[in-house]
Amino acid sequence: MHENGDCHGCSFNNAVAETAGTDDVVRRLAVAHKNAVADYIKGLLAGAGYSARLGEDGMDELAWRFVLLVDGASMASVRDGSSAPARRARAMAEILLNAAESGETERSG
């Protein structure tokens, strides 16, 4: 997000919201994209050594929590016209990672 307000949020989330569930093709594409994002994040977490601590279910849950952070920060940045939500999301991501390292994370949604 640039401070000049030229961010319009996630195109995939915007497409789902704008079609309000009327276009199944749009929804399937958006879901496929979000699944790919979660898989990418899961790969990053595995590369950082979290899979040994969390197991498969824990890795899935943590990856989806990061997707939620990204989506929320994107929407809040559009709303606020600021990059502050992204900075807040980063701080929250650090809390998630610290909890995962210490074994304090819940493994279910």
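All heavy atoms count here, side chains included; hydrogens, waters and symmetry mates do not. This chain uses plain numbering: 1 for the first residue, then up along the sequence.
If you take OG on Ser51 and CG on Leu45, they are separated by 9.0 Å, rounding to the nearest 0.5 Å.
Nearest approach of Ser83 to Arg87, heavy atoms of both residues: OG-NH1, 2.6 Å.
Residues Leu96 and Leu69 meet the side-chain proximity criterion, which asks for heavy atoms closer than 4.5 Å. Using a 4.5 Å heavy-atom cutoff, the side chains of Pro85 and Asp80 are in contact.
Residues that satisfy the side-chain hydrogen bond (donor to acceptor under 3.5 Å, both in side chains) test with Arg90, not counting sequence neighbours, are Glu94. Every residue was checked against the side-chain contact (heavy atoms from CB on, under 4.5 Å) condition with Ala17, not counting sequence neighbours, and none meets it. When the side-chain hydrogen bond (donor to acceptor under 3.5 Å, both in side chains) test is applied to Lys34, the partners found at least two apart in sequence or on another chain are Asp71. Looking at residues two or more places apart in sequence or on another chain, you find a side-chain contact (heavy atoms from CB on, under 4.5 Å) between Val37 and His33, Ile41, Val67.
Judged purely by atom type and a 3.5 angstrom limit, Ser74 uses its side chain to pair as donor or acceptor with the backbone of Cys10. Remark: the backbone N or O of Ser77 is not paired with any side-chain donor or acceptor of Ser82 at under 3.5 angstrom.
Identified under the ring-ring contact (aromatic ring centres under 6.0 Å, His included) test for residues 44-81, with sequence neighbours left out: none. Applying the salt bridge (Lys or Arg N to Asp or Glu O under 4.0 Å) definition to pairs two or more places apart or across chains, those involving residues 38-52 are Lys42-Glu56, Lys42-Asp60.
Linking Ile, Leu, Val, Met, Phe, Trp and Tyr residues whenever their side-chain heavy atoms come within less than 4.5 Å places Met59 and Leu97 in a single cluster.
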